[in-house]
Amino acid sequence: MLPTHDTAQLIASRLRLGPLESNILLVVLDLVLLVAFYLAVRWLLKRVVRRVGEQLAERAKAEHQASRVRSLAGLLQNTADFVLGFVFIVSGLSLVGINVTAIVGTASVAGLAFGFGAQKLVKDVITGYFLLLEDQYVAGDYITIGTVTGTVEELGMRITRIRDDDGKLYILSNGDIAQVCNHSRGLVGASFELSVGAAEDIAAVTKIIEETLATQNLPAPARVEGITLADATKTTLRITFKAPHGQRPAQILPHLRATLRDALLAANITLA
């Protein structure tokens with residue numbers, strides 16, 4: 001295949017173009033080759049990052065690890081696109097005869113000024129990278145950040161989107177995140193209270209409750225911790241349990257309450 005300069009001269013001679021037209025043709029051919037090279041490298045980088053990310057996600061031992069790998073692959077792809085685009089723009093300007101040295105120098109000074117004025121943005125981006133690298137949470141985890149509790153919908157370079165149990169969407173700047181409580185790592189425990197009539201045999205009630213909850217496929221045996229309130233009308237018991245992996249206690253609590261209610265009523269236990 002002929003070099004670009006020789007190709008331009010050959011086309012110019014056949015079209016009988018002058019020196020100016022030949023130079024313009026040479027620049028156009030160089031730009032076409034540059035665009036083709038940029039698109040090819042961009043496509044190759046995306047393909048490589050995607051393939052490597054998918055292979056690492058398939059080898060991950062847990063779902064949250066797979067989500068973390070996918071998030072990191074997305075951030076890496078965005079960073080590569082930015083760097084490649086900057087190189088493409090500078091190379092294109094150089095081809096058309098613009099002095100890129102002055103532009104790069106100006107961009108450096110402007111970038112320095114922008115950096116001082118956008119420290120919060122830089123902090124958000126850096127924190128976003130560390131949130132992923134340290135595996136604090138990924139999309140799909142149920143977490144608490146400050147007063148916000150919900151499911152992570154997106155962990156981006158600058159923001160985190162959390163959907164709470166009521167369907168409200170919270171958008172948090174990564175740089176403002178100081179403490180994270182991840183409810184999706186390991187078994188999450190919870191407790192609730194149940195009241196029966198004051199005259200009921202607490203030992204018998206405790207046995208019924210624990211035997212009933214033992215049939216609910218909980219990851220650990222539920223326990224009746226004891227009496228939290230007792231008066232002339234009722235006795236209140238506190239029950240602790242652990243939710244199955246991947247589920248929140250609030251998701252299964254209504255079912256547990258209903259199951260215990262039916263079991264106690266079937267045993268002629270008076271509820272209060």
Side-chain angles (χ1 to χ4, degrees), residues 1-12 14-15 21-108 110-111 114-115 118 121-122 124-141 152-161 171 173-174:
M1 190 173 180
L2 293 174
T4 304
H5 185 73
D6 295 341
T7 303
Q9 288 183 342
L10 179 60
I11 296 175
R14 290 186 178 181
L15 297 178
E21 290 83 358
S22 298
N23 290 334
I24 294 175
L25 179 61
L26 177 61
V27 171
V28 170
L29 289 177
D30 286 338
L31 287 175
V32 170
L33 288 177
L34 179 62
V35 171
F37 178 76
Y38 165 75
L39 294 176
V41 173
R42 185 170 181 266
W43 174 85
L44 181 61
L45 281 176
K46 282 189 173 183
R47 185 177 179 85
V48 170
V49 171
R50 188 183 303 113
R51 289 289 297 276
V52 172
E54 290 175 353
Q55 291 178 359
L56 292 177
E58 291 176 356
R59 296 176 183 176
K61 297 181 180 180
E63 180 60 30
H64 81 272
Q65 293 178 343
S67 299
R68 179 191 178 198
V69 169
R70 296 188 185 98
S71 299
L72 284 172
L75 289 177
L76 179 61
Q77 185 171 311
N78 291 335
T79 303
D81 282 344
F82 174 79
V83 174
L84 188 61
F86 178 78
V87 173
F88 167 73
I89 293 174
V90 172
S91 300
L93 293 176
S94 178
L95 285 177
V96 298
I98 299 177
N99 186 3
V100 296
T101 304
I103 294 178
V104 172
T106 303
S108 300
F114 178 78
L121 176 63
V122 174
D124 291 341
V125 173
I126 293 176
T127 304
Y129 273 105
F130 277 104
L131 288 173
L132 275 172
L133 291 175
E134 295 173 356
D135 195 21
Q136 295 188 24
Y137 60 86
V138 294
D141 282 355
V152 179
E153 288 196 347
E154 177 188 353
L155 172 54
M157 293 181 63
R158 194 180 69 82
I159 61 173
T160 293
R161 300 177 188 270
I171 302 175
S173 297
N174 291 335

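Numbers here simply count residues along the sequence, with the first being 1. Since the model is a prediction, treat every value here as computed from it, not as a measurement.
Note: Asp141 CG to Asp135 CG = 8.0 Å, rounded to the nearest 0.5 Å.
Tyr137 and Val152 get closest at one heavy-atom pair: CD1-CG2, 3.8 Å.
Remark: Glu154 engages Arg161 in a side-chain contact (heavy atoms from CB on, under 4.5 Å) (not counting sequence neighbours). For Asp124, the side-chain contact (heavy atoms from CB on, under 4.5 Å) partners are Lys120, Arg158, Ser173, not counting sequence neighbours.
The salt bridge (charged side-chain N to carboxylate O under 4.0 Å, His left out) contacts involving residues 32-46 comprise Arg42-Asp81, where partners must be two or more places apart or lie in separate chains.
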